[in-house]
Amino acid sequence: MRLDLELFRAILLVIEESPNPTVKSNYSIRFEGISQITSDYHIHLLIQEGFLSAIDARCKDREYDYLEIGLTFKGQQFIDAIADHGCLDKIKDYIKANALPLTLDVLFKVAMTQFS
């Protein structure tokens, strides 16, 4: 599955803009035109990389199933850096120009060191 940086950004923004400190579950984070498994996988990656916290409620019929999804401090720092589309585009351009691997960790490090 191809990683979608804009989807990472959109997920973080949905959680940040939630009226509650956490979003009830990954079922409540949906985007038009994006499959449920794709958005759930991206949420899973954000949790694995420490940008989000959640209760793992995995069951045998759903691989990615999380409850009480919230931003971590790292996630808040990251969304502050990439909230503006222009900043995310600059970060992606920097990564391409410097031939860096396109990972969440690299995105975060570039955002924190070059554009914060």
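We're numbering straight along the sequence, starting at 1.
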From F78 atom CZ to E49 atom CD, the distance as rounded to the nearest 0.5 Å: 10.5 Å

Hey, what do you get for CG (L46) to CG (L104), rounding to the nearest 0.5 Å? 5.5 Å

For I95 and P101, work out which heavy atoms get closest and say how close. CG2-O, 4.3 Å

Who pairs with S39 by side chain to side chain donor-acceptor pair (under 3.5 Å), at least two apart in sequence or on another chain? R30

Looking at every non-hydrogen atom in both residues, tell me the closest pair between A81 and A111 and how far apart they are. CB-CB, 3.8 Å

Closest heavy-atom pair, G50 versus T72, reported as atoms and distance to 0.1 Å, is O-OG1, 2.6 Å

Give me the atom names and distance for the closest heavy-atom approach of I69 to S25. CD1-C, 3.8 Å

Polar side-chain atom of T113 near backbone of K109 as donor-acceptor pair, under 3.5 Å: yes

In Å, rounded to the nearest 0.5 Å, how long is the span from CG of L88 to CG of D93? 9.5 Å

Is R9 reaching over with its side chain to a backbone N or O of I79, donor-acceptor style, under 3.5 angstrom? no

In Å and rounded to the nearest 0.5 Å, what is the CG to CD distance from N26 to E68? 11.5 Å

Linked, directly or transitively: L102 and V106 (ILVMFWY side chains, under 4.5 Å): yes

About how many Å separate CG of L45 and CG of D40, when rounded to the nearest 0.5 Å? 11.0 Å

Starting at CD1 of I11, measure out to CD1 of I34 and round the result to the nearest 0.5 Å. 8.0 Å

Taking the side chain from D84 and the backbone from G86, do they hold a donor-acceptor pair closer than 3.5 Å? yes

Which atom of A54 lies closest to which atom of I47, heavy atoms considered: CB-CD1, 3.6 Å

Let me see the working for L71 and T22 under side-chain contact (heavy atoms from CB on, under 4.5 Å), right down to the final yes or no. CA-CA 8 Å; L71 285 172; T22 60; over 6 Å; no

Could you tell me whether a side-chain N or O of H42 sits under 3.5 Å from a main-chain N or O of D4, the two making a donor and an acceptor? yes

Is there a path of hydrophobic side-chain contacts, each under 4.5 Å between heavy atoms, that joins L67 and Y41? no

In the structure I gave you, are the side-chain heavy atoms of F31 and V14 within less than 4.5 Å of one another anywhere? yes

F51 pairs by ring-ring contact (aromatic ring centres under 6.0 Å, His included) with which of F8, F73, F108? F108

Between the main-chain N or O of L100 and the side-chain N or O of N98, is there a donor-acceptor pair closer than 3.5 Å? no

Quick one: do I82 and C87 satisfy side-chain contact (heavy atoms from CB on, under 4.5 Å)? Show the steps, please. CA-CA 6 Å; I82 65 167; C87 288; 5.5 Å; no

Check step by step if side-chain contact (heavy atoms from CB on, under 4.5 Å) holds for D65 and Y27. CA-CA 8 Å; D65 199 9; Y27 297 105; 3.1 Å; yes

Find out whether L5 and I91 are in side-chain contact, i.e. whether some heavy atom of one side chain is under 4.5 Å from a heavy atom of the other. no

Those residues at least two apart in sequence (or on a different chain) that pass side-chain contact (heavy atoms from CB on, under 4.5 Å) with P21 are none

So with a 6.0 Å cut-off around NZ of K92, is the heavy-atom count from everything else above 12? yes

